[in-house]
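Structure record follows, encoded as structure tokens.
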Amino acid sequence: MLVALREVLNDSITIITVKHDSSDQENTAIALESTEGQVAIDSRFYIASGYESRCYEELKKAGSLLRIKSPHRMGKSSLMARVVNHAEGWGYRSVILNLEQTNQKIFADPEKFMQWFCATVGKALGVRVKTEEYWDDIFGANDNCTDYFEKYLLEGNEQPLAIAIDNFDRVFNYPEIETDFCGLLRGWYERSRSHPMWGKLRMIIVHSQEPYAQKDINQSPFNVGFPVELREFTMAQVQELLTRHRLVWTDAELSQFMDLIGGHPYLVRSALYRIASRDITLEDFLRTAPTEAGIYSSYLMGHLKTLEDYPELGEAMQKVVVADAPVRLRSEISFKLDSQGLISRIDNDVTPRCLLYKLYFRDRLGGN
């Protein structure tokens, strides 16, 4: 089999080829899984994060706060699901809230959002909604929400309560809610230091970014607790996934694969799924991946639309992908591109996160 990889050298693309006997690529029957969404708890294709055992230990601590961060499709929600599953195994009560799936009208004002938050947590715990009984217009939404938890959801039950909030980033689009809600969670974390009842609460925040300009660091939950920032798979972890997919590659083929997409979990698992399914050969994958004829077409076009919708980001990304060396951008622009997972930081400069992005966006953003 002829395997090809495009390497960018200055402004040219050099094709490197490696001869490989197709008989080595025989794949025995295996039950493959869709690569969309969370990886199932019992999946044989799940690769544990190095942080995983530490997350379990932290969650056992009174009043703990875990902050799981990474760009989209890097495994945040899958790790969160496993942490919550462990908590349930210890007898904890648990609730998972996904703000991405929350109705738009809930974000109309802070009062409505806080009532929704209390009611949704209670509903998930199987208790009757009693927001009217604990809400007093004389006090603010944060005070009422705190009373609801303290006097209704925490009091009288010795089981710890683990609340995981997925896609927390959505809150950042609503400044009034962001200020109040972030202050509320930070306040609860601080209360747990001196109030045993609040020590029963364990919080998990899952997000792709943080507020670029924090209004008050003393009202933020993003500088306390235990931070987890997920990284790409290592070469050894990708090799393990190859084994689990019953794929046998040479070291040269694996290196070319990693050179193109790095260890991005979604990109890696999607490619191995399609190759193991025999929908595409490794040779064709390496050739077409950076194009809209490849398996990442929808994924890449989604990022492209964002860059086109926000021209300042598009212009900055164009500078990054046409450069032969790391580029210095304004800090806010670097922050936004990093949050999308499109770049990697080298000191105060940035480069494309992987060769796939360099090739695709250099072509589509008019950087040839």
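Shown here are the side chain to side chain contact (heavy atoms under 4.5 Å, CB included) partners of M258, two or more places apart in sequence or in another chain: M235, V238, L254. By the side chain to side chain donor-acceptor pair (under 3.5 Å) test, T131 pairs with no residue at all, sequence neighbours left out. K61 is linked by a side chain to side chain contact (heavy atoms under 4.5 Å, CB included) to E58, S64, counting only residues two or more places apart in sequence or in another chain. Take W135 and apply the ring-ring contact (aromatic ring centres under 6.0 Å, His included) test, not counting sequence neighbours, and it matches no residue. Scored by the salt bridge (charged side-chain N to carboxylate O under 4.0 Å, His left out) test, R186 finds E190 as partners (sequence neighbours excluded). With sequence neighbours excluded, the residues that form a ring-ring contact (aromatic ring centres under 6.0 Å, His included) with F45 are H245. Every residue two or more places apart in sequence or in another chain was checked for a ring-ring contact (aromatic ring centres under 6.0 Å, His included) with Y360, and none qualifies. With sequence neighbours excluded, no residue forms a side chain to side chain contact (heavy atoms under 4.5 Å, CB included) with D347. Annotation: side chain to side chain contact (heavy atoms under 4.5 Å, CB included) contacts of A40 (sequence neighbours excluded): D42, S43.
At a threshold of 4.0 Å, the pair E315-K319 does not count as salt-bridged, since none of the basic side-chain nitrogens sits closer than that to a carboxylate oxygen. Residues E150 and R191 are paired through a salt bridge, judged by an N-O separation under 4.0 Å between the basic side chain and the carboxylate.
For R274 (side chain) and I295 (main-chain N/O), no donor-acceptor pair under 3.5 Å exists by modelled atom type. Side chain of E133 to backbone of K130: no donor-acceptor contact under 3.5 angstrom is found. When atom types are taken as modelled, the side chain of N144 and the backbone of G140 share a donor-acceptor pair closer than 3.5 angstrom. With R170 contributing its side chain and T102 its backbone, the two residues share a donor-acceptor pair below 3.5 Å. When atom types are taken as modelled, the side chain of K358 and the backbone of A323 share a donor-acceptor pair closer than 3.5 angstrom. Between the side chain of R287 and the main chain of L282, no donor-acceptor pair closer than 3.5 Å is present. A donor-acceptor contact shorter than 3.5 Å is absent between the side chain of E292 and the backbone of S297. Side chain of D109 to main chain of K112: a donor-acceptor pair is present (N/O by atom type, distance under 3.5 Å, no hydrogens or angles). Proximity of a side-chain donor or acceptor of Q340 to a complementary backbone N or O of L337 within less than 3.5 Å is not detected. Using modelled atom types, one side-chain atom of K76 and one backbone atom of P71 make a donor-acceptor pair closer than 3.5 Å.
In summary, the aromatic rings of F117 and F181 are positioned with their centroids under 6.0 Å apart. Taking the centre of each ring, F285 and Y296 come in below the 6.0 Å mark. For F222 and H207, the distance between ring centers is under 6.0 angstrom.
Closest approach of S194 to P196, counting heavy atoms only: O-CD, 3.7 Å. Minimum heavy-atom separation, L300 to A289: CD1-O, 3.6 Å. When all heavy atoms of S277 and L32 are compared, the pair lying nearest together is OG-CD1, 3.0 Å. Closest of all the heavy-atom pairs between H264 and H72 is NE2-O, 3.8 Å. Across A87 and A162, no two heavy atoms sit closer than the pair CB-CB, 4.3 Å. L185 and M203 get closest at one heavy-atom pair: O-CE, 3.5 Å.
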Practice task
List the steps, then state whether side-chain contact (heavy atoms from CB on, under 4.5 Å) holds for T146 with Y134.
Solution key: CA-CA 10 Å; T146 297; Y134 288 90; over 6 Å; no
Exercise for the section: Check step by step if salt bridge (charged side-chain N to carboxylate O under 4.0 Å, His left out) holds for E229 and R67. Expected result: CA-CA 8 Å; E229 187 162 357; R67 295 184 283 111; over 6 Å; no
Practice task
Determine, stepwise, if the pair I165 / V171 fulfils side-chain contact (heavy atoms from CB on, under 4.5 Å).
Solution key: CA-CA 11 Å; I165 307 175; V171 169; over 6 Å; no
Problem - Derivation of the side-chain contact (heavy atoms from CB on, under 4.5 Å) call for D338 and R345 - result: CA-CA 8 Å; D338 190 19; R345 295 179 182 271; 3.1 Å; yes
Handout entry: Test side-chain contact (heavy atoms from CB on, under 4.5 Å) applied to M197 and F149, step by step
Key = CA-CA 10 Å; M197 181 180 297; F149 268 74; over 6 Å; no
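When hydrophobic clusters are built by joining Ile, Leu, Val, Met, Phe, Trp and Tyr residues whose side-chain heavy atoms come closer than 4.5 Å, directly or via intermediates, L201 is grouped together with V127. Residues F361 and L286 fall within the same hydrophobic cluster, defined by Ile, Leu, Val, Met, Phe, Trp and Tyr side chains chained together at heavy-atom separations under 4.5 Å. V95 and I41 fall into different hydrophobic clusters, where Ile, Leu, Val, Met, Phe, Trp and Tyr are joined by side-chain heavy atoms under 4.5 Å apart, directly or via other members. Linking ILVMFWY residues whenever their side-chain heavy atoms come closer than 4.5 Å, directly or via other members, leaves M74 and L241 in distinct clusters.
Contact of the F257 side chain with the V268 side chain is registered, since non-hydrogen atoms from C-beta on lie closer than 4.5 Å. K336 has its side chain out of reach of Q209: every pair of non-hydrogen atoms, C-beta onward, lies at least 4.5 Å apart. Using a 4.5 Å cut-off on side-chain heavy atoms (C-beta onward), C145 and C118 make contact. A 4.5 Å side-chain heavy-atom check between N142 and M114 finds at least one atom pair inside the cut-off. Side-chain contact check for S49 versus F233: every heavy-atom pair is 4.5 Å or farther apart. Within the 4.5 Å cutoff, the side chain of M317 has heavy atoms near those of the L342 side chain. Residues T288 and I280 form a side-chain contact, since some pair of their non-hydrogen atoms from C-beta on lies under 4.5 Å apart. In this structure, R93 and N157 have side chains that are in contact, with non-hydrogen atoms separated by less than 4.5 Å.
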Name the atoms and distances for all side-chain donor-acceptor pairs under 3.5 Å in residues 348-357, with sequence neighbours left out.
{"from": "D349", "atom 1": "OD1", "to": "R328", "atom 2": "NE", "distance (Å)": "2.4"}
{"from": "D349", "atom 1": "OD1", "to": "R328", "atom 2": "NH2", "distance (Å)": "3.2"}
{"from": "R353", "atom 1": "NE", "to": "E232", "atom 2": "OE2", "distance (Å)": "2.6"}
{"from": "R353", "atom 1": "NH1", "to": "I343", "atom 2": "O", "distance (Å)": "3.3"}
{"from": "R353", "atom 1": "NH2", "to": "E232", "atom 2": "OE2", "distance (Å)": "3.1"}
{"from": "Y357", "atom 1": "OH", "to": "Y299", "atom 2": "OH", "distance (Å)": "2.7"}

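Under 3.5 Å, the side chains of N167 and N98 contain a donor-acceptor pair of N or O atoms.
Rounding to the nearest 0.5 Å gives a distance of 10.0 Å between CG of D180 and CD of E178.
The hydrophobic cluster containing L230, built from Ile/Leu/Val/Met/Phe/Trp/Tyr side-chain heavy atoms closer than 4.5 Å, also comprises V39, Y46, Y51, Y56, L59, L66, I68, L79, M80, V83, V84, W90, Y92, I96, I204, V206, F226, V228.
Residue pairs meeting the side-chain hydrogen bond (donor to acceptor under 3.5 Å, both in side chains) criterion with at least one member in residues 305-314, sequence neighbours excluded: K305-D309, E312-R330.
Remark: R193 is positioned above the aromatic ring of Y189, its terminal NZ or CZ atom under 6.0 angstrom from the ring centre and at most 45 degrees off the axis.
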